[in-house]
Amino acid sequence: MEVIIASSPRQAGSIGADLVEAQLARNPASAIGLATGSSPQPMYRELIARCAAGRLSFAQTRAFLLDEYVGLPDDHPESYRRFIERELTSQIDLPSSALAGPDGSTRDLDTAGSRYEQLLEEAGGIDLQILGIGRNGHIGFNEPTSSLMSRTRLKMLADTTRRDNARFFGGDLDLVPRHTITQGIATILDARHVVLIATGSAKAEPIRLMVEGPLTAMVPASALQLHPHATIILDEESAADLATAAYHRETYAQKPAGRDSS
Ligand code: GLP
């Protein structure tokens, strides 16, 4: 994996936006996987600004959500579809019909995962998948002990995750859904390029475990060690516990222009 240590969350967002811009320059009809959470927000703001400036266009792009809560009404402001519409897609030129996500309001939860897998397959797979990381090392909503071979499916949230996400529900834990439909770890690994953004000191420990720890279902993000093209964009705080930080800084500083490393 390539680890890039930015000087601030804003710079991390700008580096992430560069990768999306380069992907769309290669193929304007790319399939982009979108993550919720606060970590990608500076990148989304940068993409909105670049789109407004005419520097890039999502007019031919298709976008796919990483995960979705189960049981929230479609128009609930904290559904992940609404979050992404509010924070990104309504502010760029992506057609609203080009955004898809797991169906969290379905009655048929048994097949919701495989139906989403089929949609991803029909789209030709994800070209660039944006990810965040949970404090417990989750990616998407694949909580610790998730199968490293998992596909999109129903998952129950860990208590720590529900507590972390209660801030979006007015701090009321009872309002946070217990279940989600999330891309599985193997589904995420199928993306041709994964870009994980983590900022802030709360992410220092899961980032250390993901980058330098063993491959283990206890840290679902460690599965990215298996990916041939994973870019991890950090700020100083989330990189603080890395024993290999100096190596990553030097590698990035000496990276030949235009060369992508992993
Ligand atoms: C949620 C999402 C994850 C995200 C995580 C971290 O649990 N399902 O995709 O990575 O939150 O969010 P934040 O970036 O706000 O810390």
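All ligand and atom numbering here is 1-based and tracks the order in the structure.
Considering backbone and side-chain atoms together, G140 places an N or O closer than 3.5 Å to an N or O of ligand 1. Between S39 and ligand 1, an N or O atom pair is found at a separation short of 3.5 Å. When only interatomic distances are considered, the shortest N/O to N/O separation between I133 and ligand 1 falls below 3.5 Å.
By the 4.5 Å heavy-atom criterion applied to side chains, E68 and T180 are not counted as neighbours. Using a 4.5 Å heavy-atom threshold, the side chains of T251 and E2 count as separate.
Residue F141 approaches ligand 1 through these ligand atoms, each under 4.0 Å from one of its heavy atoms: 1 (C), 7 (O), 8 (N). Distances below 4.0 Å separate heavy atoms of G132 from the following atoms of ligand 1: 10 (O). Distances below 4.0 Å separate heavy atoms of K203 from the following atoms of ligand 1: 13 (P), 14 (O), 16 (O). Numbered from 1 in the order shown, with element, the atoms of ligand 1 that lie under 4.0 Å from a heavy atom of R167 read 15 (O). Residue Y80 has at least one heavy-atom neighbour below 4.0 Å for each of these atoms of ligand 1: 1 (C), 2 (C), 8 (N).
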Step-by-step salt bridge (Lys or Arg N to Asp or Glu O under 4.0 Å) determination, R151 to D190 | CA-CA 10 Å; R151 311 292 317 182; D190 277 350; 2.8 Å; yes

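Ring geometry for H193 against H229 counts as parallel: the plane angle stays under 30°, on a 0 to 90° scale with 60° as the upper cut.
In this structure, Q183 CD and Y116 OH are separated by 5.5 Å, a value rounded to the nearest 0.5 Å. With values rounded to the nearest 0.5 angstrom, T36 atom OG1 is found 9.5 Å from E78 atom CD. Atom OG1 of residue T152 and atom CD of residue E117 lie 3.5 Å apart, to the nearest 0.5 angstrom.
At a heavy-atom cutoff of 4.0 Å, ligand 1 is contacted by no atom of I139, backbone or side chain.
Taking the six-membered ring for Trp and the full ring otherwise, the centers of F83 and Y44 sit at least 6.0 Å from each other.
H248 pairs in a side chain to side chain contact (heavy atoms under 4.5 Å, CB included) with only one of the listed residues (V3, I232, L234, I4), which is V3.
Between R135 and D164 there is a salt bridge, since a side-chain N of the basic residue sits under 4.0 Å from a carboxylate O of the acidic one.
Of the protein's non-hydrogen atoms, G37 CA, 3.8 Å is the one closest to atom 12 (O) of ligand 1. Remark: minimum distance from atom 8 (N) of ligand 1 to any protein heavy atom is reached at D67 OD2, 2.8 Å. Counting protein heavy atoms only, atom 4 (C) of ligand 1 is closest to T36 O, 4.1 Å. Of the protein's heavy atoms, H138 NE2, 4.1 Å lies nearest to atom 11 (O) of ligand 1.
Not close to ligand 1: A35, with no non-hydrogen atom less than 4.0 angstrom away. For R135, the heavy-atom gap to ligand 1 stays at 4.0 angstrom or more.
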